[in-house]
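The first residue of the sequence shown is numbered 1, and numbering continues consecutively from there.
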Amino acid sequence: MPHTIVLNADLGVIVFRARGCVEVAELVRAMDAMVLIPGFKAGLSLVADFRGCETHLSADDLRGLATYAQQADSKWGQTKWALLASNNLTFGLARMFMALTSTHQVTTHVFHGAAEADDWLRLGLEVNEILIRTPD
């Protein structure tokens with residue numbers, strides 16, 4: 001899965017864009033990389049754009065990913081991750097991830113489109129504008 005991870009410190013957000021086929025091992029590596037970005041700090045939001053990819057993740061993969069995310073939870077602190085889904089399968093898998101991580105400090109929510117995430121993310125800027133201002 002080719003992907004990009006960009007910190008937009010001015011907006012207080014990390015933008016993760018996935019393309020191609022999403023694999024669980026690559027998602028774990030991406031989660032590790034995000035907290036190592038110079039300038040990373042607790043409280044940053046995440047916009048994870050999965051609209052350019054497909055997935056073959058299983059329920060077991062999601063459970064493992066949710067368990068792994070718990071290890072990074074304290075590094076992120078109280079914040080929000082907005083997940084943008086490419087299709088109904090990705091949306092459903094992300095909903096499962098939401099349920100599995102509901103006790104974490106990080107609050108995760110999935111959306112079919114960026115406009116739906118605007119009010120929920122509460123960064124004072126539309127998610128499409130965040131994506132435009134945070135190029136690959």
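- Nearest approach of Ala117 to Val127, heavy atoms of both residues: CB-CG2, 3.8 Å.
- Arg29 has no carboxylate O lying under 4.0 Å from a charged side-chain N of Asp32, or vice versa, which leaves the two without a salt bridge.
- Counting only residues at least two apart or in different chains, ring-ring contact (aromatic ring centres under 6.0 Å, His included) contacts with residues 17-41 comprise Phe40-Trp76.
- In this structure, Lys80 NZ and Gln105 CD are separated by 15.0 Å, a value rounded to the nearest 0.5 Å.
- Hydrophobic clustering (side-chain heavy atoms under 4.5 Å, transitive across Ile, Leu, Val, Met, Phe, Trp, Tyr) groups Val28 together with Ile14.
- Note on Phe50 and Val6: separate hydrophobic clusters, where clusters join Ile, Leu, Val, Met, Phe, Trp and Tyr whose side-chain heavy atoms are under 4.5 Å apart, directly or indirectly.
- Residues Leu123 and Leu11 fail the side-chain proximity criterion, which asks for heavy atoms closer than 4.5 Å.
- Sparse packing is recorded around CZ of Arg95, with 12 or fewer heavy atoms of other residues, nucleotides or ligands lying under 6.0 Å away.
- Note that the CG atom of Leu44 and the CH2 atom of Trp81 stand 11.5 Å from one another [nearest 0.5 Å].
- Summarising the geometry, atom OG1 belonging to Thr107 is positioned 6.5 Å from atom CD belonging to Gln78; distances are rounded to the nearest 0.5 Å.
- Between the CD1 atom of Ile5 and the CE atom of Met31 there is a distance of 10.5 Å, given to the nearest 0.5 Å.
- A donor-acceptor pair is defined here as one N or O able to donate and one able to accept, closer than 3.5 Å; such a pair exists between the side chain of Ser86 and the backbone of Cys53.
- Shortest non-hydrogen contact noted between Thr101 and Ala66 is CG2-CB, 3.8 Å.
- Taking Asp136 as the reference, Thr4, Arg17, Arg19 meet the side chain to side chain contact (heavy atoms under 4.5 Å, CB included) condition, with sequence neighbours excluded.
- What you find for Leu57 and Val22 is that their closest heavy atoms are CD2-O, 4.1 Å.
- The shortest distance between side-chain heavy atoms of Thr134 and Val47 does not fall below 4.5 Å.
- Heavy-atom minimum distance, Ala94 versus Val110: CB-CG2, 3.4 Å.
- By the 4.5 Å heavy-atom criterion applied to side chains, His56 and Asp61 are not counted as neighbours.
- Looking at heavy atoms from C-beta onward, Thr79 lies out of side-chain contact with Leu46 at the 4.5 angstrom threshold.
- Asn88 places a side-chain heavy atom less than 4.5 Å from the side chain of His112.
- For Asp49 (side chain) and Val15 (main-chain N/O), no donor-acceptor pair under 3.5 Å exists by modelled atom type.
- Met34 and Ile130 are assigned to two separate hydrophobic clusters, defined by single-linkage of ILVMFWY side chains at heavy-atom distances under 4.5 Å.
- One hydrophobic cluster holds both Phe97 and Phe16 under the rule that ILVMFWY side chains link at heavy-atom gaps under 4.5 Å.
- Atom CG of Leu83 sits about 11.0 Å away from atom CG of Leu93, to the nearest 0.5 Å.
- Cluster annotation: Leu125 and Leu84 are assigned to the same hydrophobic cluster (Ile/Leu/Val/Met/Phe/Trp/Tyr, side-chain heavy-atom contacts under 4.5 Å, transitive).
- The list of side-chain hydrogen bond (donor to acceptor under 3.5 Å, both in side chains) pairs with a residue in residues 117-130, not counting sequence neighbours, reads Glu129-Arg133.
- Atom CG in Leu27 sits 8.5 Å away from atom NE2 in His3 (nearest 0.5 Å).
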